[in-house]
Amino acid sequence: MNEKKYVYLDYAATTPMDPRVVEEINKHFTNTYGNPSSLHYIGQKASKVLEDSRAMVASLINARPEEIIFTSSGTESDNLAIKGVAYKNKKKGNHIITSAIEHHAVLEPCKRLEKEGYEITYLPVDRTGLINLNELENAITDKTILISIMFANNEIGTIEPIKEIGEIAKSHDVFFHTDAVQAFAKIPLDVQEMNIDLLSASSHKIYGPKGVGMLYIRDGGKGKKGGKYIEPLMEGGGHENKMRPSTENVPGIAGFAKAVEIAKNELHIEAERLTKLRDKIINTITTNIEHCYLNGHRTKRLPNNVNLGFNFIEGESILLSLDAEYIGVSTGSACSSKSLEPSHVLLAIGLDPQEAHGSLRVTLGRFTTEEEVEYFLEKLPPIIERLREVSPLGVKKKLNARNQNETHLSKYG
Ligand SMILES: *Cc1c(COP(=O)(O)O)cnc(C)c1O
């Protein structure tokens, strides 16, 4: 298959690297080989690249450089934020509030903590994927130490009321972590204005290399009474403000910082362009295809996310048919796409398992063109029609309709 011709519409799963990032990384692979902890010239050169990268990443979210630590992924950042705060604050309390629609990188650490004696509240969401702020506030007890609510959902694109959550957390003196992997470098984000204490992001979702992530930690983890409010999950050297031992992946981090720099310059224009393409897909498909609906919020939504439900057919069949036309989409989160379990996010917004199986996620990005969107919009309707004709669910629907017309019962009725 000619990869150039392939229409990649799965940017929420991962992004191709921006060529400008590739160029930057290549430079550092050869020039910046030093260990940033070494005191000699070569080491200090690497240290300078590391610290410049930290400052760049911090500047995108209105943080200070010493509040950023680099990790290996969004998953690691989520684990460190949640377990690191939970373990350090065990004496203060054992209660954590999160939501039912979090990424597995948040839900699984929470489940682990439950086994270790912590209590976790999984807040429900409404039909559009939003948590309820009153429910959040009512869930807080004197044992609550942490609220972890994602900035924007990776499957349905819904953007949570982060600023309001930050205010609630602050007024109750509870730490607030947000998994911002999908929102970071895509929409404006300000840790001061939004009262965020901890924020996770990942390089490979923003046109940087895989295997690099970051965690913003307010005041570098220093608590109000001195001492730290978060502890590391690994033992080793004193890297990354003693929060994350391991010799830093300098070329990868420099690539991540380059990706941030590009996003800083292009974020607004890109968001506007993608929103137009997004709405074109949503409007065209929901008007032209019957028994089809949008999942997630219509406007409080990531600029690049479309999630559609199609009655009577399975998302997997649509995905495979589109793939045969050189179009790559997803049925839910990439991590669970190999399992037959319906998406926990779609169930949480109130779809039944059958409806959840009929969903398709289309996510756009920097290299998505108008022509590619046109191509997708041309290929999808006949696929849906053909699948509905051959699907047992579709057949049943037709028979039901005929039965109603002829007012007699068939053996399929
Ligand atoms: C991709 C993703 C993660 C995991 O990030 P990795 O860098 O792939 O480990 C976590 N949360 C959300 C919302 C994501 O989309």
Side-chain angles (χ1 to χ4, degrees), residues 8-17 21 57 61 68-83 98-112 122 125 129-131 148-160 162 165 177-187 189 196 198-216 233 244 246 249 252-253 255-257 259-260 263 295-297 300-307 329-338 343-346 348-349 361-365:
Y8 183 74
L9 298 175
D10 199 14
Y11 280 79
T14 193
T15 57
M17 270 201 273
V21 171
V57 170
I61 58 170
I68 303 294
I69 66 155
F70 291 110
T71 66
S72 69
S73 63
T75 300
E76 187 192 332
S77 300
D78 285 341
N79 270 268
L80 177 53
I82 294 164
K83 293 194 278 196
T98 186
S99 84
I101 60 164
E102 298 296 313
H103 192 273
H104 290 294
V106 166
L107 292 177
E108 293 301 317
C110 286
K111 277 194 211 154
R112 147 72 56 156
Y122 299 91
V125 293
L130 290 171
I131 66 150
S148 180
I149 304 284
M150 68 201 320
F151 208 108
N153 184 268
N154 47 300
E155 291 187 41
I156 56 173
T158 301
I159 300 169
E160 298 297 332
I162 293 300
I165 298 170
H177 165 251
T178 186
D179 173 342
V181 172
Q182 291 290 338
F184 178 78
K186 309 278 175 61
I187 55 175
L189 211 152
I196 296 165
L198 304 120
L199 179 146
S200 308
S202 176
S203 158
H204 78 96
K205 302 275 174 83
I206 68 153
Y207 314 97
K210 291 174 177 59
V212 184
M214 75 89 165
L215 180 63
Y216 156 77
L233 301 181
R244 204 270 182 177
S246 294
N249 169 8
I253 289 167
F256 181 27
V260 166
N295 290 316
H297 200 281
K300 290 172 188 163
R301 180 176 203 99
L302 288 171
N304 72 329
N305 176 292
V306 178
N307 190 309
V329 299
S330 161
T331 51
S333 73
C335 327
S336 52
S337 63
K338 282 190 184 129
S343 142
H344 67 283
V345 175
L346 297 176
I349 63 170
R361 182 185 71 178
V362 181
T363 45
L364 317 173

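Counting convention: from 1, in listed order, for ligands and their atoms alike.
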Quick one: look up the protein heavy atom nearest atom 4 (C) of ligand 1 and list residue, atom name and how far away it is.
Thr75 OG1, 3.5 Å
Of all the non-hydrogen atoms in the protein, which one sits nearest to atom 8 (O) of ligand 1, and at what distance?
His204 NE2, 2.8 Å
Approximate separation, where rounding is to 0.5 Å, of Asn305 CG and Gln182 CD
8.0 Å
Among protein heavy atoms, which sits nearest to atom 11 (N) of ligand 1, and what does the distance come to when rounded to 0.1 Å?
Asp179 OD2, 2.6 Å
Are any of the N/O atoms in Ala152 less than 3.5 Å from those in ligand 1?
no
Are there more than 12 heavy atoms of other residues, nucleotides or ligands under 6.0 Å from atom NZ of Lys300?
no
Taking the side chain as everything from C-beta on, heavy atoms only, tell me whether Met214 gets closer than 4.5 Å to Ile61.
yes
Rounded to the nearest 0.5 Å, what separation is found between the CZ atom of Phe184 and the OG atom of Ser203?
9.0 Å
What residue and heavy atom of the protein are closest to atom 7 (O) of ligand 1, and at what distance?
Ser202 OG, 2.6 Å
Can you find a pair of side-chain heavy atoms, one from Thr98 and one from Ile82, that are under 4.5 Å apart?
no
Report the part of Ser73 (side chain from C-beta onward, or backbone N, CA, C, O) that has a heavy atom under 4.0 Å from ligand 1; answer both or neither where that applies.
both
Say whether Asn154, considering both its backbone and side-chain N or O atoms, lies within less than 3.5 Å of an N or O atom on ligand 1.
no
Give the residue and atom name of whichever protein heavy atom lies nearest to atom 14 (C) of ligand 1, and the separation in Å to one decimal.
Lys205 NZ, 3.0 Å
Are side-chain N/O atoms of Ser148 and Glu102 paired as donor and acceptor at under 3.5 Å?
no
